[in-house]
Amino acid sequence: MHAQDASFMDAALRQAEQSAAAGEIPVGAIVVTAGEVVASGQNRSIRDSDPSAHAEIVALRAAGNAQSNYRLNDATLYVTLEPCAMCIGAAVQARISRLVFGAYDRKAGAAGGIIDLTDSPAFNHRFEVLGGVLADRCGAVLQDFFRSRR
């Protein structure tokens, strides 16, 4: 774990909390390059009527726009929940260098939760993966959200 991983995950958690306040599943993401946050995102699938508007996709799109490049070499994607297969695919296409996530997703996680696509020989790009950063806090945000919906 890098020294700043917990701090950056805390920033992703703030995005998740904003997502919950908007009635979305509370997942937040940020993209960091050279120690600076270049983009953030939160789940927007309901608000945008867009099944692809996961926090990771929103953050990666914003980072690409901010850097005027669809390749995000040397970028780290921080996300509060283990990414799904779609989001792992987007991370591969963006050529990120690291993925750091909080809570494992035992239903749809594609970075080790139910499947590990990050090490697939089918992909032409690999990146470092670190899971479980602030996992208890990230998981609690999700649990509290779903508990309030029951």
Side-chain angles (χ1 to χ4, degrees), residues 1-33 35-66 72 75-120 122-123 125-150:
M1 188 160 91
H2 293 129
Q4 294 182 319
D5 286 342
S7 175
F8 287 131
M9 186 60 70
D10 194 54
L13 272 164
R14 286 192 294 278
Q15 291 295 313
E17 290 163 355
Q18 291 175 16
S19 183
E24 298 275 357
I25 295 174
V27 178
I30 63 166
V31 177
V32 174
T33 302
E36 298 292 325
V37 175
V38 295
S40 61
Q42 53 189 250
N43 271 359
R44 298 192 54 90
S45 294
I46 296 168
R47 286 177 277 181
D48 294 351
S49 299
D50 180 355
S52 71
H54 290 193
E56 301 94 313
I57 302 293
V58 172
L60 289 170
R61 283 179 181 151
N65 285 331
L72 302 174
T76 300
L77 173 63
Y78 290 86
V79 61
T80 58
L81 181 65
E82 178 185 2
C84 70
M86 174 183 69
C87 293
I88 291 296
V92 168
Q93 293 301 313
R95 303 296 194 265
I96 66 167
S97 61
R98 275 181 91 221
L99 165 67
V100 179
F101 66 89
Y104 282 86
D105 185 346
R106 304 293 180 207
K107 294 183 180 179
I114 61 166
I115 190 171
D116 189 356
L117 295 179
T118 65
D119 196 30
S120 173
F123 291 136
H125 176 71
R126 305 253 185 320
F127 45 85
E128 178 186 340
V129 178
L130 176 61
V133 174
L134 302 184
D136 291 342
R137 285 182 55 204
C138 293
V141 169
L142 287 158
Q143 288 173 346
D144 291 347
F145 176 81
F146 286 114
R147 190 176 298 120
S148 72
R149 300 275 184 207
R150 292 184 196 132

When rounded to the nearest 0.5 angstrom, what is the spacing between CG in D48 and CD in E24?
7.5 Å
Do the non-hydrogen side-chain atoms of V31 and Y78 ever get within less than 4.5 Å of each other?
no
Mark yes or no for whether R126, through its side chain, and F123, through its backbone, hold a donor-acceptor pair below 3.5 Å.
yes
Before you tell me yes or no, could you show the steps for L99 and L130 under side-chain contact (heavy atoms from CB on, under 4.5 Å), namely the whole-Å CA-CA distance, both residues' side-chain angles and the distance that decides it to 0.1 Å?
CA-CA 6 Å; L99 165 67; L130 176 61; over 6 Å; no
Output yes when a side-chain donor or acceptor of N43 lies under 3.5 Å from a complementary backbone atom of A55, and no otherwise.
yes
Search all heavy atoms of R61 against all heavy atoms of D50 and return the closest pair with its distance.
NH1-OD2, 4.0 Å
Where P51 and S45 come nearest, the two heavy atoms and their spacing
O-OG, 4.0 Å
Test your reading of the model: is there a side-chain donor-acceptor pair from R137 to the backbone of V133, 3.5 Å cut-off?
no
Distance in Å, C87 SG paired with L60 CG, rounded so as to fall on 0.5 Å steps
8.0 Å
Reported NE2-to-OG1 distance for the pair H2 and T76, which is rounded to 0.5 angstrom:
7.5 Å
For the side chain of T118 and the backbone of A111, is there at least one donor-acceptor N/O pair under 3.5 Å apart?
no
Supply the atom-to-atom distance L77 CG to R98 CZ, rounded to the nearest 0.5 angstrom.
10.5 Å
Within a radius of less than 6.0 Å around CD1 of I25, do more than 12 heavy atoms belonging to other residues, nucleotides or ligands occur?
no
Looking at every heavy atom in both A110 and A85, which two are closest together, and how far apart are they?
CB-N, 3.5 Å
Looking only at non-hydrogen atoms, find the nearest pair between C138 and A103 and report the distance.
CB-N, 3.8 Å
CZ of R14 to OG of S40: how many Å apart, nearest 0.5 Å?
10.0 Å
S148 (side chain) donor-acceptor with F145 (main chain) under 3.5 angstrom:
yes
How many angstroms lie between CD1 in I96 and NE2 in H125, if you round to the nearest 0.5 Å?
6.5 Å
Before giving the answer on side-chain contact (heavy atoms from CB on, under 4.5 Å), spell out for M86 and I57 the whole-Å C-alpha distance, their side-chain angles and the decisive distance to 0.1 Å.
CA-CA 9 Å; M86 174 183 69; I57 302 293; 4.2 Å; yes
Does any non-hydrogen side-chain atom of L13 lie less than 4.5 Å from one of L134?
yes
Starting from the C-alpha separation in whole Å, work towards a yes-or-no answer on side-chain contact (heavy atoms from CB on, under 4.5 Å) for F8 and V100.
CA-CA 9 Å; F8 287 131; V100 179; over 6 Å; no
If you apply the rule side-chain contact (heavy atoms from CB on, under 4.5 Å), what do you find for R95 with L72, and how did you get there?
CA-CA 6 Å; R95 303 296 194 265; L72 302 174; over 6 Å; no
Could you label the plane-to-plane angle of the F101 and Y104 rings as parallel, tilted or perpendicular, counting under 30° as parallel and over 60° as perpendicular?
perpendicular
Heavy atoms only: give me the nearest K107-I114 pair and the separation to one decimal.
O-CD1, 3.3 Å
What are the two closest non-hydrogen atoms of T80 and A16, and how far apart are they?
OG1-CB, 4.1 Å
